[in-house]
Visitor: 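I'd like to ask some things about the structure below.
This one's a predicted model, so the numbers in the text were calculated from it and none came from an experiment. Proteins come first, then strands; the chains are lettered A, B, ... in the order of their sequence lines, and each starts at number 1.
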There are 2 protein chains.
Amino acid sequence: MNIKAGIVGYGNLGQAVEYLIGKLDDFELFGIFSRRETLDTNATVYPVADAHKYKDDIDVLFLCVGSATDIPEQAAGFAEHFTTVDTYDNHSKVAEHYAAMDQAAKANDNVAIVSTGWDPGLFSMNRVLGLSLFPEPIQNTFWGKGLSQGHSDAVRQVAGVRRGVQYTIPAQDAIDQARAGNGQGLSKTTSHERIVYIVADAADHDRIREEITTMPDYFEPYDTTVHFVSNEEFERDHQGAPHGGYVITTGDLQGHNASVEFSLALESNPNFTAAAMVAFGRAAARLKDQGNSGAYTVLEVPLYLLSQQSLQEMMETGLV
Amino acid sequence: MNIKAGIVGYGNLGQAVEYLIGKLDDFELFGIFSRRETLDTNATVYPVADAHKYKDDIDVLFLCVGSATDIPEQAAGFAEHFTTVDTYDNHSKVAEHYAAMDQAAKANDNVAIVSTGWDPGLFSMNRVLGLSLFPEPIQNTFWGKGLSQGHSDAVRQVAGVRRGVQYTIPAQDAIDQARAGNGQGLSKTTSHERIVYIVADAADHDRIREEITTMPDYFEPYDTTVHFVSNEEFERDHQGAPHGGYVITTGDLQGHNASVEFSLALESNPNFTAAAMVAFGRAAARLKDQGNSGAYTVLEVPLYLLSQQSLQEMMETGLV
Ligand SMILES: NC(=O)c1ccc[n+]([C@@H]2O[C@H](COP(=O)([O-])OP(=O)(O)OC[C@H]3O[C@@H](n4cnc5c(N)ncnc54)[C@H](OP(=O)(O)O)[C@@H]3O)[C@@H](O)[C@H]2O)c1
Ligand SMILES: NC(=O)c1ccc[n+]([C@@H]2O[C@H](COP(=O)([O-])OP(=O)(O)OC[C@H]3O[C@@H](n4cnc5c(N)ncnc54)[C@H](OP(=O)(O)O)[C@@H]3O)[C@@H](O)[C@H]2O)c1
């Protein structure tokens with residue numbers, strides 16, 4: 001099966017999906033749909049308003065637009081015409097998004113896999129798996145080491161900050177506690193540190209440090225460290241978008257501790273989000289091909305559908 | 001849904017399943033089927049030959065018998081009468097087992113989930129997930145720290161060995177290499193060490209060490225360390241059945257490494273195998289309840305079916 005793919009939105013995620021589709025044998029790219037007229041790509045670019053005209057040319061449409069407003073406003077509209085995959089990351093509104101996508105997709109015989117990526121996405125899967133294994137599971141999710149967009153934006157609002165980034169880092173002793181079965185009392189604030197790198201005039205350093213570390217909610221409850229670096233060092237070391245984290249679940253089984261851990265160490269958050277998204281895109285095309293319709297969370301998609309290999313092949317080659 | 005469970009075979013795994021069923025609200029135990037007449041349990045015990053008489057009393061039958069001969073000889077017979085779950089661990093014959101179970105289960109409107117547990121089982125799921133994410137994945141499975149039954153049996157065959165156990169331990173530098181994206185060349189032998197604990201007369205120590213470390217296939221290709229301990233120390237420290245391991249997959253995404261890791265640290269191998277088996281037992285009962293039949297690998301079972309919670313609840317509580 002050769003899967004014809006479309007991409008909506010050409011930001012970090014859209015570009016990373018384009019790259020993967022070019023690399024994978026079972027996908028081919030039909031084109032990119034954007035609100036902008038010209039994009040820096042060799043692919044064919046279409047105005048997003050015309051997307052529906054190409055519904056018969058596309059097996060799966062990757063919705064690479066923003067979660068804050070684009071997905072709630074536009075996603076169900078796409079599900080009327082296309083089988084879709086998204087990475088919608090507003091955890092508190094997943095149920096709402098799922099319901100809207102289910103209605104639009106079912107009414108039009110399409111499949112919509114919602115909230116893929118890694119969190120939500122692979123982390124959601126591992127949270128559910130971990131919790132399902134024990135009568136009294138203890139579970140912690142830790143994030144990092146990772147660049148936090150929201151917190152980086154916040155430090156850049158402080159007067160005198162010329163450049164700034166913020167990394168979230170899980171505290172090693174919190175991870176160790178969770179692994180040992182003592183994760184019950186760990187709070188999000190005490191189990192994460194925040195490290196900030198700032199470019200600013202030396203005269204401003206003390207005030208900037210003070211303003212950042214006392215910023216309510218964002219930094220005040222956390223162990224926060226502010227480093228001042230030169231513009232050259234910032235340029236060299238802080239251009240990436242690393243991220244990752246851990247889902248750790250433990251449980252007691254007749255007096256024996258068991259620890260189950262899923263972790264990610266990602267040099268590029270958008271590239272990996274795209275990797276998960278594309279695997280679920282493969283599954284979406286197959287689900288549709290098998291005659292299914294409606295919305296699916298990642299929890300409803302059997303894993304063999306993510307793979308380029310057939311189930312029989314996986315059994316015969318010892319993967320199972 | 002209250003799931004009525006039966007257990008076939010009352011070894012380590014059967015006892016661990018019995019314990020879990022007693023702990024979980026959504027399961028109740030109908031009884032245990034054994035080849036032995038009396039078992040040390042408060043549950044009702046039935047001769048295994050009579051099992052089929054109770055087919056209408058049982059929603060899911062846990063096949064806790066041995067993989068070497070019991071499963072190939074008996075499992076399909078049970079699938080004619082019951083929805084089953086097993087932990088069949090002969091990787092090279094999973095396809096064969098699946099085909100036999102599929103035929104028996106389909107012909108009788110039952111569900112049979114095969115080769116659950118952790119390897120095969122959760123590790124199989126994570127191998128397939130990891131490989132599905134990257135155009136050119138590099139994947140390694142490491143086992144341990146864990147008690148190896150086969151290797152412990154082998155050391156106990158050496159003349160003069162009064163008691164003996166063998167632990168398999170993954171080499172830390174092999175794990176680090178895999179995480180960094182350099183796992184391609186790692187062989188199973190160079191990435192695992194074997195540690196042996198022996199109780200024997202002092203006069204025999206040198207010969208025993210020599211015989212063990214030079215044992216072809218079992219120990220000769222590995223970095224093997226033999227420790228001699230007192231009977232008391234053996235009694236205190238080497239009665240458990242710990243196990244675990246790592247599935248590590250990395251891939252390059254536009255020049256950025258991504259590392260995906262699933263790991264287990266288990267104080268008791270059979271207890272955790274049972275935990276995975278019971279979660280899949282829940283899924284088997286639901287699949288059957290939804291009107292499905294036939295064999296399923298763990299790769300075909302959507303994760304939400306493993307959980308006591310409903311999908312809607314999981315979406316609404318932020319698990320997704
Ligand atoms: N589930 C997960 O694990 C996970 C992880 C990471 C991110 N995400 C989600 O993925 C979403 C997309 O992330 P992203 O990094 O791709 O966001 P982004 O780079 O900000 O792109 C979002 C949209 O903004 C527009 N855009 C991008 N660059 C632009 C520019 N230079 N000028 C004008 N418009 C531009 C694009 O639409 P047009 O092409 O139409 O202009 C694009 O689709 C995020 O909202 C986040 O919620 C999920
Ligand atoms: N997939 C995985 O991750 C995984 C992990 C671990 C193990 N496993 C599999 O699980 C299978 C069962 O493991 P296990 O540790 O439960 O094996 P076990 O303790 O040797 O039990 C196997 C069978 O032997 C019989 N038996 C047990 N104790 C006995 C005794 N004292 N005297 C006579 N018969 C006895 C029982 O049948 P009766 O009650 O009928 O006598 C029992 O069902 C293994 O073969 C292995 O393949 C899979």
Side-chain angles (χ1 to χ4, degrees), chain A residues 16 19-20 23-24 91-92 94-95 98 115 120 122 124-129 131-135 179 240 244 251 253-254 256-268 271-272 274-276 279 282 297-304 306-309 311-312 314-316 318-320, chain B residues 16 19-20 23-24 91-92 94-95 98 115 120 122 124-129 131-135 179 240 244 251 253-254 256-268 271-272 274-276 279 282 297-304 306-309 311-312 314-316 318-320:
Chain A
Y19 165 82
L20 277 163
K23 278 276 182 187
L24 291 164
H91 293 269
S92 68
V94 168
Y98 179 86
S115 297
L122 306 189
S124 320
M125 294 160 70
N126 279 282
R127 279 190 287 263
V128 168
L129 174 62
L131 294 176
S132 301
L133 295 170
F134 302 105
R179 286 178 178 156
L253 298 168
Q254 275 185 305
H256 307 293
N257 187 56
S259 173
V260 181
E261 181 169 330
F262 181 77
S263 69
L264 296 171
L266 313 173
E267 286 180 3
S268 162
N271 276 102
F272 187 75
R282 180 180 290 127
T297 61
V298 294
L299 305 174
E300 293 162 89
V301 178
L303 289 167
Y304 80 98
L306 303 178
S307 172
Q308 275 192 268
Q309 291 184 269
L311 183 63
Q312 189 65 28
M314 291 189 268
M315 281 195 274
E316 284 171 2
L319 265 184
V320 176
Chain B
Y19 165 81
L20 277 164
K23 277 277 182 184
L24 292 163
H91 293 269
S92 68
V94 167
Y98 179 86
S115 298
L122 306 189
S124 320
M125 293 161 70
N126 280 282
R127 280 190 286 263
V128 168
L129 174 62
L131 293 176
S132 302
L133 294 171
F134 302 104
R179 285 179 179 155
L253 298 168
Q254 275 185 304
H256 306 293
N257 188 55
S259 171
V260 181
E261 180 168 332
F262 181 78
S263 68
L264 296 171
L266 313 172
E267 286 180 6
S268 162
N271 276 102
F272 187 75
R282 181 179 291 127
T297 60
V298 294
L299 304 174
E300 293 163 90
V301 179
L303 289 167
Y304 81 99
L306 303 178
S307 172
Q308 275 193 269
Q309 290 184 269
L311 183 63
Q312 189 65 28
M314 291 190 267
M315 280 195 273
E316 284 171 2
L319 266 182
V320 176

Visitor: Where is the tightest heavy-atom contact between B:Ser124 and B:Pro120, given as atom of each residue plus distance?
Guide: OG-CA, 3.4 Å

Visitor: For B:His256 and A:Glu267, work out which heavy atoms get closest and say how close.
Guide: CA-OE1, 3.5 Å

Visitor: Of the backbone (N, CA, C, O) and the side chain (C-beta and beyond), which part of B:Leu131 lies under 4.5 Å from a heavy atom of chain A, both, or neither?
Guide: side chain

Visitor: Determine whether B:Leu319 and A:Leu299 satisfy the following criterion, side chain to side chain contact (heavy atoms under 4.5 Å, CB included), listing intermediate values before the conclusion.
Guide: CA-CA 10 Å; B:Leu319 266 182; A:Leu299 305 174; over 6 Å; no

Visitor: Against chain A, label B:Val301 side chain, backbone, both or neither, depending on which of its atoms sit under 4.5 Å from a heavy atom there.
Guide: backbone

Visitor: Heavy-atom distances under 4.5 Å only: say whether A:Ser92 touches chain B with side chain, backbone, both or neither.
Guide: neither

Visitor: Do you know which of B:Ala275, B:Pro135, B:Ser307, B:Ser259 has the most heavy-atom pairs under 4.5 Å to chain A?
Guide: B:Ser259

Visitor: Does any part of the side chain of B:Val260, heavy atoms only, come nearer than 4.5 Å to the side chain of B:Phe262, both counted from C-beta?
Guide: no

Visitor: Is it the backbone or the side chain of A:Leu24 that comes under 4.5 Å from a heavy atom of chain B, or both, or neither?
Guide: side chain

Visitor: Looking at A:Ala274, A:Ala95, A:Ser263, A:Pro302, which one has more heavy-atom pairs under 4.5 Å with chain B than the rest?
Guide: A:Ser263

Visitor: Is chain A contacted by the side chain of B:Leu20, its backbone, both, or neither, given a heavy-atom distance below 4.5 Å?
Guide: side chain

Visitor: Under 4.5 Å heavy-atom distance to chain A, tell me which part of B:Leu306 shows up: side chain, backbone, both or neither.
Guide: both

Visitor: With chain B, which of A:Asn257, A:Asn126, A:Leu264, A:Leu122 has the greatest number of heavy-atom pairs at distances under 4.5 Å?
Guide: A:Asn257

Visitor: Measuring heavy-atom distances to chain B, does A:Leu266 have an atom under 4.5 Å in its side chain, in its backbone, in both, or in neither?
Guide: both

Visitor: Quick one: of A:Ala279, A:Ser268, A:Gly240, A:Ala276, who has the most non-hydrogen atom pairs under 4.5 Å with chain B?
Guide: A:Ser268

Visitor: How close do A:Gln254 and B:Ala16 get, heavy atom to heavy atom, and via which atoms?
Guide: OE1-CA, 4.1 Å

Visitor: For chain B, which candidate among A:Leu133, A:Leu129, A:Thr297 shows the most heavy-atom pairs at distances under 4.5 Å?
Guide: A:Leu133

Visitor: I'd like to check A:Val128 versus B:Tyr304 (side-chain heavy atoms, cut-off strictly below 4.5 Å). Are they in contact?
Guide: no

Visitor: Using a cut-off of under 4.5 Å for heavy-atom pairs, which of B:Met125, B:Glu316, B:Glu261 has the most such pairs with chain A?
Guide: B:Glu261

Visitor: Quick one: pull up CE in B:Met315 and OG in A:Ser115 and give me the separation to the nearest 0.5 Å.
Guide: 9.5 Å

Visitor: Please flag which part of A:Met314 lies under 4.5 Å from any non-hydrogen atom of chain B: side chain, backbone, both or neither.
Guide: side chain

Visitor: For the candidates B:Gly318, B:Ala265, B:Gly244, B:Ala258, which exhibits the highest count of non-hydrogen atom pairs separated by less than 4.5 Å from chain A?
Guide: B:Ala265

Visitor: Give, for atom OG of A:Ser132 and atom CG of B:Leu303, the distance between the pair rounded to the nearest 0.5 Å.
Guide: 7.5 Å

